[in-house]
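These notes concern the structure reproduced below.
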Amino acid sequence: MNTEKDLLKAVFETKQSCLDLKELERYLDEETDPKGRARMGTHLRHCAHCATELALLSEFQSGSPGGDEVEAVNWITRRLQERQSEIVGHSRLSGGTTERKWARRWNVLRSSLFPRHSLLPASAVAALLLMVVGGALYFRNAPPDLPAAVKATSPLLRSGIIEGMMPVGELQQRPLRLQWDQVSAASVYAVELFEVDRTLLWSGQSSSNRIDLPEEVVNKILVGKRLQWRVRALDVQGRMIAVSETASFRVSNSEEGAS
Amino acid sequence: MSPKPLDDEELVSLWVHQTDSPQRPQWINELFGRYQRRVALWCLRISGDRESAADLAQEVFLKVYRNLASFKGDSKFSTWLFSVTRNHCFNYLKSRARRPQEETPAKPLVEIRDPAGVKAFERIEHESSQRLLRQLMNQELGETERRVMVLHYREELPLEAITRLLALSNPSGAKAYIVSSRRKLKRAVEKMKKSQAAARF
């Protein structure tokens with residue numbers, strides 16, 4: 001190492017003990033247990049690299065434009081919205097790459113078959129070749145024909161919100177069961193119960209639109225403490241097809257005992 | 001109960017798995033719409049002008065779109081997006097710095113020499129170790145000074161980009177922090193040398 005620049009670069013090199021982005025995210029969101037948080041805090045005090053990463057992540061997550069940046073950010077955002085179709089249409093652009101390849105092939109073919117001064121009607125030849133190329137592209141990109149049995153099954157459902165969640169709001173007694181509206185094509189429902197800081201208390205699965213809470217979970221539901229829960233509907237292949245909003249409830253009655 | 005919007009990770013999951021759904025454009029537009037301003041701001045601070053920033057932001061979203069299926073959901077989508085944006089923008093700055101016409105001056109801002117004419121940092125390297133320098137930095141430098149040093153020396157970002165990225169409002173921006181950091185480190189090195197000399201007697 002010869003230069004001051006190299007030395008300083010080496011000083012800031014990542015070490016094995018350095019925190020990755022997921023850990024920094026949890027630290028920022030205060031989702032770590034006190035022991036882990038203390039360990040991370042100590043590391044961050046002594047590691048300029050991780051402290052800088054944390055500052056950049058925080059700025060990205062919650063930073064807002066300064067006075068002279070607002071107009072430029074508005075302008076860039078408008079440009080992005082205008083270009084959105086270019087961005088999300090990129091799968092078609094990938095197809096475009098294929099089309100560009102074909103265009104190049106066409107140019108090579110045209111120049112080799114029909115030199116510049118050829119007297120052949122170019123438009124007729126172009127139309128013929130386009131038919132050939134177009135046909136090839138069509139058969140190349142066409143989806144394979146499905147067996148009749150598969151075609152006969154119902155199409156994929158549009159995803160949606162699961163509604164009809166019970167319990168929600170203020171309760172007089174501890175709930176023994178969670179339930180929701182049924183989603184057709186759902187094979188299983190995955191349920192999560194957590195505290196307001198997103199600490200998971202319990203999770204379970206049910207094949208029907210309700211699930212009984214185990215006794216030890218019911219006992220964890222403290223009077224006055226708000227809890228949240230949500231449910232996801234999965235199809236037979238385990239794909240999520242619907243999700244509920246996050247519902248919350250609180251047992252406000254000081255009387256102990258479940259219904 | 002009124003319907004609540006899907007969170008980012010749910011939108012990604014639906015978009016990735018529901019390949020035949022007519023709602024896919026809505027999901028992706030919703031997801032990207034939530035982050036356009038954040039990515040725009042970041043790219044503006046990196047590039048310094050809105051035209052380049054718009055191109056840069058478009059490239060970021062294109063990259064995200066192409067790689068969305070590889071998002072595993074073990075971090076938040078916003079953290080993953082940050083990682084893509086950060087890497088793309090830092091690479092952009094590095095590639096721009098390599099272009100001869102836009103090359104930043106290689107000459108150090110401040111050259112710290114001790115009375116014997118040896119560069120203080122080289123002396124540190126010989127006499128002690130990187131660990132010692134790290135320790136001095138932690139002791140002597142403020143939070144912002146350390147961040148500027150990391151971004152300039154490790155990430156090799158130009159000073160004007162660091163000024164914008166950290167929203168430094170002082171007149172000389174990041175340059176002032178580099179100068180003050182070097183001055184503090186020089187002072188600490190001299191102090192350390194003196195105490196070492198005193199200990200020998």
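Chain A is the first sequence line, chain B the second, and so forth, proteins listed ahead of strands; every chain is numbered from 1.
Contact annotation for residues 83-90 of chain B against chain A (heavy-atom separation below 4.5 Å, listed by residue number): B:S83, B:T85, B:R86, B:F90. Among the residues in residues 52-61 of chain A, those with a non-hydrogen atom closer than 4.5 angstrom to a non-hydrogen atom of chain B are A:T52, A:E53, A:A55, A:L56, A:L57, A:E59, A:F60, A:Q61.
Atoms CD and CE, on A:Q179 and A:M166 in that order, are 6.5 Å from each other to the nearest 0.5 Å.
With a 4.5 Å cut-off on non-hydrogen atoms, B:N29 touches chain A through its backbone and its side chain both. For B:A167, no part lies near chain A; criterion is any non-hydrogen pair under 4.5 Å. Looking at B:T79, both its backbone and its side chain come within 4.5 Å of chain A, counting heavy atoms on both sides. B:R45 touches chain A through its side chain: at least one heavy atom from C-beta onward sits under 4.5 Å away, while N, CA, C and O do not. Contacts of A:R45 with chain B are made by backbone atoms alone, with heavy-atom separations under 4.5 Å and no side-chain atom involved.
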Please report, to 0.1 Å, the donor-acceptor pairs under 3.5 Å made by any side chain of residues 68-76 of chain B, with sequence neighbours excluded.
residue: B:S70; atom: OG; partner: B:N67; partner atom: O; Å: 2.6
residue: B:D74; atom: OD2; partner: A:K22; partner atom: NZ; Å: 3.4
residue: B:K76; atom: NZ; partner: A:D29; partner atom: OD2; Å: 2.8

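Judged purely by distance below 3.5 Å, without hydrogens or angles, the side chains of B:Q18 and B:Q23 never pair a donor atom with an acceptor atom.
Note: A:H49 leads A:E71, A:H49, A:R79 in heavy-atom pairs under 4.5 Å with chain B.
Scanning for salt bridge (charged side-chain N to carboxylate O under 4.0 Å, His left out) contacts around B:E59 gives an empty result, with sequence neighbours left out.
Side-chain rings of A:W202 and A:F194 stay apart, their centers remaining 6.0 Å or farther from each other.
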